[in-house]
Amino acid sequence: MTDMSDNQLVPGSDPLPDGSDLDLDFGLGDVVEALLFVSDGPLSPARIAAVLDEDEDSIRAALTELRRKYQRGGLRILLHDDLYQMATAPDATLYCRALLGLEPNQRLTQASLETLAVVAYRQPVTRALIEDVRGVNSDSPLSRLVAYGLVTAIGKSERLGRPMLYGTTPGFLAYFGVDSLDDLPQLDLPEFAPGHEAVATPNPMDTPPPEAVEVNRTD
Amino acid sequence: MLTDWRTGTRASALADFHLSLTEFDGPFDLLLHLVEKQGFDITSLSLVAVTSQYLAYIDDLTETYTEATSEFLAVGSQLVLLKSRAMLPAEDEDEDEDDEAARLAERLRVYGAFRKLAHEFDRLQSEDTGLFVRMAPHGIEPEVAPDTGTIDELVAAIHDMLNPAETTRVSVTLPTSRFDLTERIATVASRVRAAGKLEFADLARECRSRLEIIYTLLAVLHLVAQRDATIRQRKSFGTIEIEDVADD
């Protein structure tokens with residue numbers, strides 16, 4: 001982080017009133033860290049850039065560095081769909097719950113988990129696509145996932161009837177105790193990637209590279 | 001592999017382990033279960049091989065209603081069609097039929113991959129390592145629903161309503177049985193009829209106790225329920241106007 005903390009004009013880097021320059025080591029990454037700490041929801045690099053009046057690339061670099069820094073310790077930085085959020089580490093879950101007086105989550109049913117898997121790896125998806133994959137009506141598991149905050153409506157399809165499109169939320173990562181989509185189990189279907197519309201007859205001929213299975217990322 | 005259905009594995013397959021149809025999350029879940037139990041790969045041929053077992057399961061449909069009834073039946077009929085074609089000697093290769101079987105196998109393969117993921121998810125959630133994120137900041141005031149007025153207005157309205165009665169309360173010594181709701185309704189009805197229109201405050205002012213005001217209010221509500229009168233209040237806790245509904 002030292003390389004990017006140089007030459008950055010950020011609060012606290014001004015010389016102290018007595019003329020000393022003790023805060024020289026306080027850099028952009030530290031400010032971004034503080035913003036993630038106080039924020040009560042996920043932050044986008046664009047939002048952070050706007051607040052700090054910095055360019056997005058520097059912010060992204062700082063966020064990447066921070067995520068590396070937070071690979072150990074009591075906190076993690078979640079990354080979901082270009083949104084960053086500070087969260088507790090998986091090994092701290094039991095103790096956090098004890099402090100907060102919370103009961104363990106009720107486990108999701110197979111129907112809900114299948115629905116969630118389709119949404120996560122094929123987003124943005126319509127309800128019809130979920131039902132096509134599962135071969136069964138998926139209304140109630142889908143609305144349960146929305147109610148739990150694991151899935152949310154993220155727009156409307158341009159197709160006939162303009163059906164609602166669904167995607168996962170940062171809470172989805174948090175639920176499974178992982179801090180990025182990369183840490184989730186991989187879908188055992190290399191031909192599937194975002195943008196594939198026809199589920200019933202996927203064409204093995206236009207198989208994208210396996211890494212393209214990663215969902216809905218803009219960076 | 002084909003001998004499996006020709007010799008009728010139904011009885012033996014069900015004897016060792018019979019899950020109810022309600023245990024399955026849809027027809028693909030059941031179909032995949034049957035194919036995997038036989039140790040088959042997912043091919044059109046193996047679908048045909050488990051058709052009898054599949055049909056044995058959906059016999060349950062007559063006893064157990066599941067929400068997915070129609071989906072189970074739809075896949076069942078598709079299997080029967082595929083099986084009947086497979087049993088008939090093929091006179092010439094019909095590509096459409098092959099495609100249909102291949103499509104179903106392909107859908108099952110896709111579903112299988114997602115079901116496997118769902119199992120992975122289940123393992124993850126059982127580890128109970130869900131992360132905690134910050135909650136919304138505290139100090140947010142709940143919003144007061146519009147048009148309910150303020151608490152001061154409510155207190156003032158109650159005060160205005162009760163005050164005339166309060167001033168005379170000391171003189172009230174009559175037992176509560178003095179008030180008869182039927183009688184009160186008759187009185188209020190005749191007052192409203194005679195006046196055509198009056199305010200609730202007018203009636204309340206004549207009351208000698210809170211109880212009498214309450215009886216009067218009940219009487220007015222009764223008249224409204226009977227459609228003998230209408231009431232209107234132009235603003236929260238404001239004057240209540242009572243109007244007679246003229247009989248035709």
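Computed over heavy atoms, backbone and side chain alike; hydrogens, waters and symmetry mates excluded. Sequence lines set the chain letters: A, B, ... in the order given, protein chains first and strands last, and positions in each chain run from 1.
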Backbone N/O of Leu131(B) and side chain of Thr88(A): donor-acceptor pair under 3.5 Å:
no
Closest heavy-atom pair, Val136(A) versus Pro27(B), reported as atoms and distance to 0.1 Å, is CB-CD, 4.3 Å
Tell me, side chain or backbone of Leu75(A) under 4.5 Å from chain B's heavy atoms, or both, or neither?
neither
Under 6.0 Å between ring centres: does that hold for Phe114(B) and Tyr121(A)?
no
Distance-minimising heavy-atom pair for Tyr111(B) and Gln110(A):
OH-NE2, 3.9 Å
Check Ala87(A) against Val133(B) and note the closest heavy-atom contact, atom names and distance.
CB-CG1, 3.6 Å
Most heavy-atom pairs under 4.5 Å with chain B, out of Gly41(A), Ser112(A), Gly135(A), belong to Gly135(A)
At a heavy-atom separation under 4.5 Å, does Glu114(A) approach chain B through its side chain, its backbone, both, or neither?
both
Do other residues, nucleotides or ligands put more than 12 heavy atoms under 6.0 Å from Arg97(A) CZ?
yes
More than 12 heavy atoms of other residues, nucleotides or ligands under 6.0 Å from CZ of Arg107(A): yes or no?
yes
May I ask you to decide if Tyr175(A)'s main-chain N or O and Gln125(B)'s side chain share a donor-acceptor pair within less than 3.5 Å?
no
Greatest number of non-hydrogen atom pairs under 4.5 angstrom with chain A, of Ala113(B), Ala74(B), Gly112(B), Gly26(B), falls to Ala113(B)
Determine whether a donor-acceptor pair (N or O, by modelled atom type, separation under 3.5 Å) exists between the side chain of Thr129(B) and the backbone of Pro90(A).
no
For Asp41(B), is the CG atom crowded, meaning more than 12 foreign heavy atoms sit under 6.0 Å from it?
no
Check whether Ala89(A) gets within reach of chain B through its side chain, its backbone, both or neither, counting any heavy atom under 4.5 Å.
backbone
Approximate separation, where rounding is to 0.5 Å, of Lys116(B) NZ and Gln186(A) CD:
11.0 Å
Test item: Arg107(B) side-chain N/O and Asp132(A) main-chain N/O as donor-acceptor pair under 3.5 Å
yes
Under the side-chain contact (heavy atoms from CB on, under 4.5 Å) criterion, do Leu108(A) and Phe121(B) qualify, and how do the steps go?
CA-CA 9 Å; Leu108(A) 296 174; Phe121(B) 282 178; over 6 Å; no
Test side-chain contact (heavy atoms from CB on, under 4.5 Å) applied to Leu124(B) and Leu184(A), step by step:
CA-CA 9 Å; Leu124(B) 278 177; Leu184(A) 285 173; 4.1 Å; yes
Return the minimal non-hydrogen interatomic distance between Leu117(B) and Ala117(A), and the atom names on each side.
CB-CB, 3.9 Å
